[in-house]
K.L.:
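The following block contains the structure, expressed as structure tokens.
Letters A, B, ... mirror the listed sequences (proteins, then strands); counts begin at 1. Keep in mind that the numbers below use all heavy atoms, side chains included, and drop hydrogens, waters and symmetry copies.
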2 protein chains.
Amino acid sequence: MIKLTEKQQALIERIGIFQEKTGMQPVAGRIVGLLYVSDKPELTFDEIREVLGISKSATSNALNLLQHLNRLDYITYSGDRRRYFRLKLDRWRELVMQEIDSVTEFSATLQEVVAERTKETPEYNRDLLDLADFLKYLHRELPKLMQQWEAQRK
Amino acid sequence: MIKLTEKQQALIERIGIFQEKTGMQPVAGRIVGLLYVSDKPELTFDEIREVLGISKSATSNALNLLQHLNRLDYITYSGDRRRYFRLKLDRWRELVMQEIDSVTEFSATLQEVVAERTKETPEYNRDLLDLADFLKYLHRELPKLMQQWEAQRK
DNA sequence: AGTTTAGTTCTCAAAATTAGGAACCAACAG
DNA sequence: CTGTTGGTTCCTAATTTTGAGAACTAAACT
């Protein structure tokens, strides 16, 4: 049975709250926190349930949500019926791209907005287009930025 | 009295929902949408209230929230007691930096997490540190990226 | 002083989110 | 075919969020 230190528990709560602020439900946020912090990075349904003191339904729903959000995975071992859930941490590059994608989508909406707007407010329209364009630029440049980062670290 | 087209209303709803997904409350999200779309980019309290069909309390609370989030401003004209609310759109660069800041803050938590973690999971710890480091890198590089963007646009 | 206007605050009800518990299902074990 | 385990689903209650309405404040106008 898994036991957490005070510090670990505090970290889980902090991470949980951070995730909540990005729109995630509380239990899901804490599961993410737990998987960040836990010495074993692969936990079973019941380990998660037990250590966080939450119900089966909450656990099930949150795990499914996290899988939908592309944050979670599970692996199995033959002769063991349980799933071992883990963060898709090794794929964090995809995660970051995913976040930027949604922003870029918004950029398209901004362009639609400008297309609808009066032409009487040229500076305002320019600001909107600039923002939209920068977001797209950011989206395009992100892969390069990742490569640069790879290169510059020792 | 301000009148919106169907298309404008639809855009406001779309923008509103997008904002909601980033954790903003519904009315605040729609106000942002309205100010993006409205031909007049500076609206009074009552214009906002009326065109969105919301109560004074909801309007007041949302406007204050948006000012706290650094998204809104207002200007006044002498001899007119009303405030003219507007998006701080011309400052979108700051906005973008602000968003990245909060991510960077999370990066510090990740480093704390790794400091607490067992050393028995070196790859996992490496992934965590990589992510944390990349987020900081992104934070540092963003200003440069903005400059590049300024330079490359015609 | 009395009234109108711009906006705030308080109280409360409606609606949405969250999560517990129990019943359920499917796979495997004996 | 019966029992156990891992996980899902359904129903419901508690909590939180949201926003309306009315009372209120403060400034400006008369």
K.L.:
Ignoring hydrogens and angles, are the base of C/dG21 and the side chain of A/Ser57 linked by a donor-acceptor pair under 3.5 Å?
P.N.:
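Indeed there is one.
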K.L.:
Any ion pair linking B/Glu141 and B/Lys144 (charged N to carboxylate O, less than 4.0 Å)?
P.N.:
yes
K.L.:
Could you tell me whether the side chains of B/Gln67 and B/Lys88 share a donor-acceptor contact shorter than 3.5 Å?
P.N.:
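No, no side-chain donor-acceptor pair sits under 3.5 Å.
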K.L.:
Where the side chain of B/Pro26 is concerned, which of D/dG7, D/dT8, D/dT18 is the nearest nucleotide?
P.N.:
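In terms of side-chain proximity for B/Pro26, the closest of D/dG7, D/dT8, D/dT18 is D/dT18.
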K.L.:
Could you check B/Lys56 against B/Thr59 and say which one's nearest nucleotide on DNA chain D is further toward the 5' end?
P.N.:
B/Thr59
K.L.:
Given atom CZ of B/Arg82 and atom P of C/dT4, what is their separation to the nearest angstrom?
P.N.:
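Distance, rounded to whole Å: 17 Å.
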K.L.:
Can we call the ring centroids of B/Tyr84 and B/Tyr74 under 6.0 Å apart?
P.N.:
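Judged by ring-centre distance (under 6.0 Å), B/Tyr84 and B/Tyr74 do not meet the cut-off.
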K.L.:
D/dG7 C1' sits how many Å from A/Tyr84 OH, rounded?
P.N.:
14 Å
K.L.:
Using atom CZ of B/Phe45 as one end and atom P of C/dT9 as the other, report the distance to the nearest whole Å.
P.N.:
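To the nearest whole Å, that distance equals 11 Å.
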K.L.:
Output the rounded distance in Å from CG (A/Asp46) to P (D/dT4).
P.N.:
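Atom CG in A/Asp46 sits about 16 Å away from atom P in D/dT4.
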K.L.:
Using atom CD of A/Gln19 as one end and atom C1' of C/dT17 as the other, report the distance to the nearest whole Å.
P.N.:
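Spelled out: CD on A/Gln19 to C1' on C/dT17 is 18 Å.
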K.L.:
So does A/Glu112 pair up with A/Arg117, basic N to acidic O under 4.0 Å?
P.N.:
no
K.L.:
Counting only side-chain nitrogens and oxygens, does B/Asn61 get under 4.0 Å of the OP1 or OP2 atom of C/dT8?
P.N.:
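It does not, given that no N or O in the side chain of B/Asn61 lies less than 4.0 Å from OP1 or OP2 of C/dT8.
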K.L.:
Is it true that B/Lys136 and B/Asp133 make a salt bridge, defined as a side-chain N closer than 4.0 Å to a carboxylate O?
P.N.:
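Salt bridge between B/Lys136 and B/Asp133, a charged N being under 4.0 Å from a carboxylate O: no.
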K.L.:
Starting at the 5' end of DNA chain C, which residue's closest nucleotide do you reach first, A/Gly53 or B/Arg83?
P.N.:
B/Arg83
K.L.:
May I have the distance from B/Glu50 (atom CD) to C/dA6 (atom C1'), rounded to whole angstrom?
P.N.:
14 Å
K.L.:
Quickly work out the B/Arg49 CZ to C/dA6 P distance and round it to whole Å.
P.N.:
11 Å
K.L.:
Measure from the side-chain heavy atoms of A/Phe85 and tell me the nearest of C/dA19, D/dG7, C/dG7.
P.N.:
D/dG7
K.L.:
Just the rounded figure in Å: distance from P of D/dG19 to CD1 of B/Ile48.
P.N.:
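Atom-to-atom, B/Ile48 to D/dG19, this comes out as 15 Å.
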K.L.:
Have a look at B/Ile54 and say if it touches a base, only the backbone sugar-phosphate, or nothing, with a 4.0 Å heavy-atom cut-off.
P.N.:
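The answer is sugar-phosphate, as B/Ile54 gets under 4.0 Å only of primed atoms, P, OP1 or OP2.
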K.L.:
Would you mind classifying the nucleic acid contact of A/Arg81 as base, sugar-phosphate or nothing, using non-hydrogen atoms under 4.0 angstrom?
P.N.:
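Touches a base.
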K.L.:
Quick check on C/dT18: is either OP1 or OP2 less than 4.0 Å from any side-chain nitrogen or oxygen of A/Gln25?
P.N.:
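Yes.
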